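Single-structure report; data block below.
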Amino acid sequence: MNTLGSELTLLHDLKVVVLAELVIAGRPERTVGVPLEELMFDRVEADRYELGLHGLLDAVVALERRVSGMGEPG
């Protein structure tokens, strides 16, 4: 496989993983009604994590476009 193909495959795989994480992170209904003392994580940190995932997804999409030649800067 050429370098371009392997880069696109890697970026696609990373995007799939990030999207899967976003699905999991975007389920606040799992914590509704659970007392704060019983949560295994801080809700604010969970929101920050989800925001970070969105940023990572945007970066991966931008790289995919640039590598494939669809998003030439200019």
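No experiment lies behind these values; they were computed from the predicted model shown. Along the sequence shown, residues are numbered consecutively beginning with 1.
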Between Asp13 and Thr9, is any pair of side-chain heavy atoms under 4.5 Å apart?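 They are in contact (side-chain heavy atoms under 4.5 Å apart), so the answer is yes.
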
Residue pair Leu57 / Leu53, side-chain heavy-atom distance below 4.5 Å: no

So which heavy atom on Val60 is nearest to which on Lys15, and how close?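 Nearest pair, atom of Val60 first, then Lys15: CG1-CB, 3.9 Å.
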
Is there a path of hydrophobic side-chain contacts, each under 4.5 Å between heavy atoms of I/L/V/M/F/W/Y residues, joining [Y] to [X]?
{"X": "Val16", "Y": "Leu63", "value": "no"}
{"X": "Val17", "Y": "Val67", "value": "no"}
{"X": "Leu51", "Y": "Tyr49", "value": "no"}

All pairs passing side chain to side chain donor-acceptor pair (under 3.5 Å) where residues 50-63 contributes a residue, at least two apart: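 Sorted result for residues 50-63: empty, none.
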
I'd like to know whether Leu10 forms a side chain to side chain contact (heavy atoms under 4.5 Å, CB included) with Leu14, so could you lay out the CA-CA distance, the side-chain angles of the two residues, the decisive distance to 0.1 Å, and finally the verdict. CA-CA 6 Å; Leu10 175 69; Leu14 180 57; 5.6 Å; no

Nearest 0.5 Å, what's the CD-OG distance between Glu7 and Ser68? 11.0 Å

What distance do Leu11 atom CG and Arg65 atom CZ have between them, rounded to the nearest 0.5 Å?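 The distance works out to 12.5 Å.
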
